[in-house]
Amino acid sequence: MATLAEKLFDSLTPGFDRLEQGADPVLRRSDHADFQVNGVMGLAKRLGRPPRDVAQEIVDHVDFQGLVDSVEIAGPGFLNLTVSDEALISQLEEMGADEALGVSAAEKAQVVVVDYSAPNVAKEMHVGHLRSTVIGDSLCRILEFVGHQVLRRNHIGDWGTPFGMLIEHLVDLGEDNAVANLSVGDLDGFYREARGKFDADDTFKERSRSRVVLLQGGDEETLRLWRVLVAESIHYFDAVYEELGVGLRETDVVGESAYNDMLDDVVADLEAAGLLVDSDGALCVFPEGFVNRDGEPLPLIVRKSDEGYGYAATDLAAIRDRVSHLNADRILYVVGAPQSQHFEMCFAVATMAGWLNEHTQATHVAFGNVLGPDRKMFKTRDGGTVKLKGLLDEGTLRARSALEERGAEASDTDVIAHQLAMGAIKFADLSTDRQRDYVFDWDRMLAFEGDTGPYLQYAHARIRSIFRRADSLPSGGKITLTEPAERDLARQLVAFPEAIENSLETLSPSKLCTYLFTLAQQFTSFYEFCPVLKAPDEATKASRLELCELTASTLRTGLGLLGIEAPERM
RNA sequence: GCGCUCGUAGCUCAACGGACUAGAGCAUCUGACUUCGGAUCAGAGGGUUGGGGGUUCGAAUCCCUCCGAGCGCACCA
């Protein structure tokens, strides 16, 4: 269905086209009216005419067909549009009848590969994985919501030299013992012990090195041991995803090792394209525009001088595979900002090789670091990395005690505490612009006041509470907008599709967060001023119940797209 | 040194080249409880948008320059 903004845009177009074909009205939401048109000034300038005259001429030639109550020419040449209540109401009714709440499906459904989370085998997931996992998950949900086919890819670190020492450590412990060890979830302990022996014990170091050779050589027994490590780790990751409520499954895991067999082909392709240069024994591609410290061309090292492959080769193989076998139209990499140069180089090389082109695009969806309250990298008190699992558990504990303090209404405190905690953590993360570093602060995100996940969940729970007390449920009653608070709420409700569109365009769930917070705020204001169950008459009550229903579904749907649950009560 | 990202209220953040008051949230202060859930609402104070130039009818936003922060810059991912 068409959004209100689209309808207004369409009625404005003839007025602008008369004066200049294709001129953009630059229609925006406004504080001064419902919408404002900013395009007149630019157009007037191009025509060399006084802006207010142009504005008047446009107004004279536009038929809003009842969408607009008043058009006012303001300031240097703005058009302020006040939308008619009838238009707002019919928009709300369309929205209510639409499962997608007015969000139209993408014009062309694309195959979108979203690469996110990517923890390392035999290493604990830490805060660094939180943003990738949470942002990636939300983007997947939003993309699917508008009809794209999303392929989630968990590019786990399951290959490379550290596996020599890890496998040898596993052998030392004895397999059963090691598995028991790992399944407890103490992956860091396992890794640290292996590392410790590797640094301290020359024999162990030597064994590790030969083990790497065996692994790369495809030795069956070594591979079997490696698979044990990988399987145990994935099992552990799954538990974390489950707790976090993220849609990543074991079938989404396509780790680095999955590309081993394709690396030679990557080299062959690049060689055939004449891109490979031998530099100190390493096979490199030198994409234009990248220089090192000394101003010399910077290579992307495809094959190291020891003939081994590094992560650049794997990343290139992944692009090649995703384009040619998965038929991806788009590939998103939800990976930290520090890697941006690496991805720029990979994308440049992939473009040179012809894997990426105007039909298939790769985008690095970069995000900033997680900082502690001291604005430094978030670490534990003794300087260690913060384990993700511990963080999630702590959040749940904190949420539970907050619930108990307030005398929770719900009986299943454990479930609610968990939903609140995950909502708080995710919302805090998602609501900050991706690019920026973000400050992790329990007190703020779980304060349950202000711009937080729990505030949104609370707004939703309150609406559900009204329905529990109501003798009749919303049943498509006629909506009327008399109070200002009703009108403000209506205006915000119909803007939902714009919020989704905006999030998608910028690949920033934070836009959706802002929208939902404003919606929740406007709802609570409405709730304060407009009694629903004690409305002055039955018609008003029915109308307000409709507004409640629409708000509840919008909140539930919006939170769902962020990966946040909307409990019935709390 | 080069490159990328960024600098907005005491703190955490918005603002797609647009307006008469640069917005929210937290914190502070003032009101509102016989409450459809006060985890709330209404209101107040708080800003030369890091500094300086420029482009523009109009700049937090674009360009230049300086200052400051973080990250990256050849065989680790």
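Just so it is clear, the structure is predicted and the values come from calculations on it, not from any experiment. Below, all heavy atoms of this structure are taken into account, side chains as well, without hydrogens, waters or symmetry copies. Letters A, B, ... are given to chains in the order of the sequence lines, protein chains preceding strands, and every chain is numbered from 1.
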S.K.: Which value, in whole Å, describes the distance between the P atoms of nucleotides B/rG50 and B/rG68?
M.R.: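 Pairwise P distance, B/rG50 against B/rG68, rounds to 16 Å.
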S.K.: Please list, chain by chain and in numerical order, all residues satisfying salt bridge (Lys or Arg N to Asp or Glu O under 4.0 Å) with A/Asp315, sequence neighbours excluded.
M.R.: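 Partners of A/Asp315 under the salt bridge (Lys or Arg N to Asp or Glu O under 4.0 Å) test: none.
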S.K.: Among all residues two or more places apart in sequence or in another chain, which pass the ring-ring contact (aromatic ring centres under 6.0 Å, His included) test with A/Tyr311?
M.R.: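 Once residues adjacent in sequence are excluded, the partners of A/Tyr311 under the ring-ring contact (aromatic ring centres under 6.0 Å, His included) criterion are A/His342.
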S.K.: Mind checking A/Tyr455 for me? I need base, sugar-phosphate or nothing, with any heavy atom below 4.0 Å counting as a touch.
M.R.: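 Sugar-phosphate, backbone atoms only, no base.
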S.K.: With rounding to the nearest 0.5 angstrom, report the OG to NE2 distance, A/Ser132 to A/His155.
M.R.: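 Answer rounded to 0.5 Å: 12.0 Å.
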S.K.: For nucleotides B/rG7 and B/rA14, find the distance between their P atoms and express it as a whole number of Å.
M.R.: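 After rounding to an integer number of Å, I get 9 Å for this pair.
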S.K.: Using heavy atoms and a sub-4.0 Å distance, could you list which residues of residues 508-528 of chain A are near RNA chain B? By number, please.
M.R.: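 A/Lys511, A/Phe517, A/Gln521, A/Thr524, A/Ser525, A/Tyr527, A/Glu528 - these, ordered by number, are the residues of the stretch whose heavy atoms sit under 4.0 Å from the strand.
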S.K.: Just the rounded figure in Å: distance from C1' of B/rG18 to CD1 of A/Ile73.
M.R.: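 To the nearest whole Å, that distance equals 17 Å.
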S.K.: Measure CG/A/Leu456 against C1'/B/rA24 and give the value in whole Å, please.
M.R.: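 So the CG-C1' distance, A/Leu456 to B/rA24, works out to 13 Å.
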S.K.: Does A/Arg434 have any salt bridge (Lys or Arg N to Asp or Glu O under 4.0 Å) partners at least two apart in sequence or in another chain, and if so, which?
M.R.: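 None.
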S.K.: What is the distance, rounded to the nearest whole Å, between atom CD of A/Glu483 and atom C1' of B/rA42?
M.R.: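 Those two atoms, CD and C1', are 15 Å apart.
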S.K.: Could you walk me through whether A/Asp537 and A/Thr540 pass side-chain hydrogen bond (donor to acceptor under 3.5 Å, both in side chains), step by step?
M.R.: CA-CA 5 Å; A/Asp537 54 75; A/Thr540 308; 2.8 Å; yes
S.K.: With rounding to whole Å, what would you report as the distance between B/rC67 and B/rU28 at their C1' atoms?
M.R.: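 Going atom to atom, C1' in each nucleotide, I get 32 Å.
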S.K.: Given atom CZ of A/Arg464 and atom P of B/rC36, what is their separation to the nearest angstrom?
M.R.: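 So the CZ-P distance, A/Arg464 to B/rC36, works out to 19 Å.
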S.K.: Can you tell me, in whole Å, how much space there is between the C1' of B/rA9 and that of B/rA24?
M.R.: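 Between the two C1' atoms, the distance is 11 Å.
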S.K.: B/rC41 P sits how many Å from A/Asp488 CG, rounded?
M.R.: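 A/Asp488 atom CG is separated from B/rC41 atom P by 14 Å.
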S.K.: Among pairs that include at least one residue of residues 441-461 of chain A, which meet side-chain hydrogen bond (donor to acceptor under 3.5 Å, both in side chains), considering only residues two or more places apart or in two chains?
M.R.: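 Passing the test, one end in residues 441-461 of chain A: A/Glu394-A/Trp442, A/Tyr455-A/Thr524, A/Tyr458-A/Arg462.
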S.K.: How does RNA chain B look in dot-bracket form if you count Watson-Crick and G-U pairs under 3.5 Å, write [ ] for pairs that cross, and put | where a base pairs with another strand?
M.R.: (((((((..((((....[....)))).(((((.......))))).....(((((..]....))))))))))))....
S.K.: Spell out protein contact along nucleotides 69-77 of chain B as letters: B when the base is contacted, S when just the sugar-phosphate is, - when no protein heavy atom is under 4.0 Å; keep the 5' to 3' order.
M.R.: --SSBBBSB
S.K.: Does A/Gln521, at its CD atom, have more than 12 non-hydrogen atoms belonging to other residues, nucleotides or ligands within less than 6.0 Å?
M.R.: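 Yes.
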S.K.: Using the ring pair (Phe, Tyr, Trp, His ring centres under 6.0 Å) rule, take A/Phe35 and A/Phe78 through it: C-alpha gap first, then chi angles, then the decisive distance, then the call.
M.R.: CA-CA 10 Å; A/Phe35 286 88; A/Phe78 296 99; over 10 Å; no
S.K.: Taking only the P atom of each, what is the distance from B/rC4 to B/rU12 in whole angstrom?
M.R.: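 Here B/rC4 and B/rU12 have their P atoms 26 Å from each other.
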S.K.: How long is the line joining CZ of A/Phe467 and P of B/rG37, in whole Å?
M.R.: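 After rounding, the gap between these two atoms is 12 Å.
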S.K.: Would you indicate whether A/Asp278, at its atom CG, is surrounded by more than 12 heavy atoms from other residues, nucleotides or ligands within a distance under 6.0 Å?
M.R.: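 Buried by this count: over 12 neighbours within 6.0 Å.
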S.K.: Checking all strands, does A/Ala74 fall into the base, sugar-phosphate, or nothing category for heavy-atom contacts under 4.0 angstrom?
M.R.: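 Base: the residue A/Ala74, judged by heavy atoms under 4.0 Å, touches a nucleobase.
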S.K.: Test A/Asp34 against A/Thr82 for side-chain hydrogen bond (donor to acceptor under 3.5 Å, both in side chains), laying out the working first.
M.R.: CA-CA 5 Å; A/Asp34 291 332; A/Thr82 305; 5.1 Å; no
S.K.: With sequence neighbours left out, what residues match A/Arg49 under salt bridge (Lys or Arg N to Asp or Glu O under 4.0 Å)?
M.R.: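 Only A/Glu57 meet the salt bridge (Lys or Arg N to Asp or Glu O under 4.0 Å) criterion with A/Arg49.
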S.K.: For A/Phe467, what residues pass the ring-ring contact (aromatic ring centres under 6.0 Å, His included) criterion, not counting sequence neighbours?
M.R.: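 Testing A/Phe467 for ring-ring contact (aromatic ring centres under 6.0 Å, His included), a comparison that skips the adjacent residues, returns none.
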S.K.: Taking the P atom in each of B/rG23 and B/rG46, what is the distance between them to the nearest angstrom?
M.R.: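 My reading of the P atoms in B/rG23 and B/rG46 gives 13 Å.
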S.K.: Rounding to the closest angstrom, what is the interatomic distance between B/rA19 and B/rA59 at atom P?
M.R.: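 Nearest-Å result for B/rA19 against B/rA59 at atom P: 10 Å.
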S.K.: Mind listing the N/O atom pairs, protein and nucleotides 57-60 of chain B, below 3.5 Å?
M.R.:
residue : atom : partner : partner atom : Å
B/rC57  : OP1  : A/Lys45 : NZ           : 2.3

S.K.: For A/Ala461, answer base if it contacts any base atom (sugar-phosphate contacts may also be present), sugar-phosphate if it contacts only those atoms, and nothing otherwise; contact means non-hydrogen atoms under 4.0 Å.
M.R.: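 Base contact - A/Ala461 has a heavy atom under 4.0 Å of at least one base atom.
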S.K.: Can you check nucleotides 5-11 of chain B for protein contacts, nitrogen or oxygen pairs under 3.5 Å, and list what you find?
M.R.:
none

S.K.: Would you please name every residue forming a side chain to side chain donor-acceptor pair (under 3.5 Å) with A/Gln56, sequence neighbours left out?
M.R.: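 Partners of A/Gln56 by the side chain to side chain donor-acceptor pair (under 3.5 Å) criterion, ordered by chain and then number, come out as A/Asp60.
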S.K.: Using a 4.0 Å heavy-atom cut-off, does A/Asn80 contact any base of the nucleic acid, only the sugar-phosphate backbone, or nothing at all?
M.R.: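 Result for A/Asn80 = base.
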S.K.: What interatomic distance, in whole Å, is found between C1' of B/rC76 and the corresponding atom of B/rG53?
M.R.: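 That atom pair is separated by 45 Å.
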S.K.: One thing to verify: whether A/Lys205 and A/Asp199 come together as a salt bridge, which I'm taking to mean a side-chain N less than 4.0 angstrom from a carboxylate O.
M.R.: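 A salt bridge is absent here (no side-chain N lies under 4.0 Å from a carboxylate O).
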